[in-house]
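This report refers to the structure that appears directly beneath it.
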Amino acid sequence: MVLIRVPKPWNLPDNRITSEANFQSRRKFVKTFVGAAIGASTLPLLGCQSSQGTEADPLMGVRDLSFQGNPSFADVDRPTTGRVLAATYNNFYEFGGTKDIWQNAQSLPTENWQVEVGGLVNNPHTYDVDDLTRAFQLEERTYRFRCVEAWSMVVPWIGFPMRSLLEAVDPKPDARYVRFTSFYDRNVTTGPALRSNFLPWPYTEGLAIEEMANDLAFFAVGIYGQTLPKQNGAPIRMVIPWKYGFKGAKSVVKIEFVADRPSTFWNTINSREYKFQSNVEPEVPHPRWSQREEKLLGDGPEFSYEVVPTLLYNGYEDYVGQLYA
Ligand code: MTE
């Protein structure tokens, strides 16, 4: 594979990546108010952002990454979401229940991060996250990203296939599921949601082992050419593009191979609304809303979105259809 470092729109000094003109020439836009999602308080700040990516710039990673472009996932049939929107419109309940938690998330301590991989494997190992990025070739993949709340983005992730890690730890034959646990420290992850004692913290997610071994399943350590901003799940998160976004646990600290289907955060809270499998399936409505369409978020001068049809398995049926046949 060749090293591809084509200059990307997000390297431009302009914070607005997806050109609205480009969007508008092809699509009809629905304009909305900025609202709670990307507050008026956020936007003036953006003019002050440095393009260098320092610790002081919470909308960018702390450093550039070196990676190969994966031509199979270089593009999707939709424009890439703007970097600023992806860094300011987030779900990270450890830091609050609204979309604008990016400032709260800056308290996440990402130095000397370790990921413990164990359970039913022949080679259990605790990895420094930097070891992971050295051990596995980093690649860039642009994936559709569909939230269960019926909005979506298109995100250029940088990371490595989950299968690489799976092969390194060599699961035992009785390992049928994998459980992923996010960072949790009651003194740090202080979002209001944490005050609710019944929530089953830490945030956990799970996959069948065949799902983890699928070509698409990915660990992201970066986005838009740089390390992940904290609000996007630094320093390492899951990306499972054919499933709803909540299946992608952020800031992963533990990976366990297990025999039985593990309990997971949202499924424990409400198993009727948040199934363990939670593939993107337009014909399977959420109990409270349809999943046939989604708001594809734009990133023009005003917050905007376009309503587009939701695709089976988020458009990745060729990759994963056989898993569920
Ligand atoms: N991981 C943790 N630890 N905590 C969370 O609240 N939210 C999930 C997922 N991973 C969540 C999480 C949900 S609901 C979505 S849609 C995505 O993260 C959002 O990722 P983004 O903020 O990078 O777009």
Side-chain angles (χ1 to χ4, degrees), residues 37-38 58-61 80-108 110 113 115 142-159 179-186 188-194 196 199-207 218-224 226-255 264-270 273-275 278 280 286 291 294-297 299 305 310 314:
I38 178 166
L59 304 192
M60 299 182 79
T80 301
T81 302
R83 177 180 63 76
V84 172
L85 182 66
T88 51
Y89 187 95
N90 302 103
N91 278 337
F92 205 166
Y93 283 85
E94 289 88 331
F95 297 100
T98 55
K99 296 285 180 280
D100 55 353
I101 52 72
W102 59 272
Q103 283 149 311
N104 298 351
Q106 301 316 308
S107 60
L108 179 72
T110 51
W113 194 274
V115 184
T142 297
Y143 278 159
R144 293 182 205 89
F145 184 79
R146 172 61 156 81
C147 179
V148 71
E149 297 162 348
W151 53 263
S152 65
M153 298 188 189
V154 174
V155 181
W157 303 106
I158 294 152
R179 185 176 205 235
F180 303 82
T181 304
S182 294
F183 175 88
Y184 176 75
D185 178 343
R186 236 182 188 290
V188 173
T189 45
T190 52
L194 281 176
S196 207
L199 293 179
W201 301 108
Y203 194 100
T204 46
E205 258 312 330
L207 295 173
F218 204 59
F219 283 116
V221 294
I223 188 170
Y224 299 99
Q226 297 191 316
T227 54
L228 287 170
K230 294 185 177 187
Q231 58 272 32
N232 292 109
I236 182 166
R237 68 173 291 170
M238 307 167 65
V239 180
I240 311 295
W242 74 96
K243 293 181 180 282
Y244 291 120
F246 73 86
K247 292 293 297 179
K250 295 180 171 182
S251 307
V252 171
V253 291
K254 193 169 182 184
I255 301 168
T264 55
F265 184 79
W266 288 110
N267 186 252
T268 303
I269 292 171
N270 189 335
E273 299 198 351
Y274 307 106
K275 307 282 180 210
S278 279
V280 176
H286 184 280
Q291 294 289 23
E294 65 205 54
K295 291 173 180 169
L296 175 60
L297 303 185
D299 195 16
Y305 63 83
T310 289
N314 208 17

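Both ligands and their constituent atoms are indexed starting at 1 by order of listing.
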May I ask you to identify the nearest protein heavy atom to [atom], giving residue, atom name and distance to one decimal place in Å?
atom	result
atom 23 (O) of ligand 1	Arg237 NH1, 2.6 Å
atom 5 (C) of ligand 1	Tyr203 CE1, 3.3 Å
atom 10 (N) of ligand 1	Gly248 O, 2.8 Å
atom 1 (N) of ligand 1	Lys250 N, 3.1 Å
atom 7 (N) of ligand 1	Asn91 O, 3.3 Å

Any idea which atoms of ligand 1 are less than 4.0 Å away from a heavy-atom of [X]?
X	value
Cys147	16 (S)
Asn90	21 (P), 22 (O), 23 (O)
Tyr93	5 (C), 6 (O)
Phe92	2 (C), 3 (N), 4 (N), 5 (C), 6 (O)

So, [X] versus [Y]: side-chain donor-acceptor pair below 3.5 Å or not?
X	Y	result
Lys99	Asn91	yes
Gln231	Gln103	no
Trp102	Tyr89	no

For ligand 1, does [X] get within less than 4.0 Å through its side chain, its backbone, both, or neither, judged by non-hydrogen atoms?
X	answer
Ala249	backbone
Glu94	side chain
Glu149	neither

**Message:** Strictly distance-based, threshold 3.5 Å: is any side-chain N or O of Thr204 a donor or acceptor partner for the main-chain N or O of Phe180?
**Reply:**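 Absent.
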**Message:** Between Asn232 (side chain only) and Ala86 (backbone N and O only), is there a donor and an acceptor less than 3.5 Å apart?
**Reply:** yes
**Prompt:** Short N/O distance, under 3.5 Å, between Trp151 and ligand 1?
**Reply:**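 Trp151 vs ligand 1: no N/O contact under 3.5 Å.
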**Request:** Decide yes or no for Glu94 and Leu108: does some side-chain heavy atom of the first lie under 4.5 Å from some side-chain heavy atom of the second?
**Result:**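 With C-beta onward as the side chain, the pair stays apart.
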**Prompt:** Would you call the rings of Phe246 and Trp266 parallel, tilted or perpendicular if under 30° counts as parallel and over 60° as perpendicular?
**Reply:**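 Taking Trp266 first and then Phe246, their aromatic rings stand perpendicular (interplane angle over 60°).
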**Message:** Taking salt bridge (charged side-chain N to carboxylate O under 4.0 Å, His left out) as the criterion, tell me which of Lys247, Arg237, Lys243 meets it with Glu205.
**Reply:**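 Going through Lys247, Arg237, Lys243 one by one, the salt bridge (charged side-chain N to carboxylate O under 4.0 Å, His left out) with Glu205 is satisfied by Lys247 alone.
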**Request:** Select the closest option to atom 24 (O) of ligand 1 among Phe145, Tyr184, Trp102, judged by heavy-atom distance.
**Result:**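 Of the listed residues, Phe145 has the closest heavy atom.
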**Request:** Please name the residue in the list Tyr93, Phe265, Tyr184 that meets the ring-ring contact (aromatic ring centres under 6.0 Å, His included) test with Tyr203.
**Result:**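 Result: among Tyr93, Phe265, Tyr184, Phe265 is the only option passing the ring-ring contact (aromatic ring centres under 6.0 Å, His included) with Tyr203.
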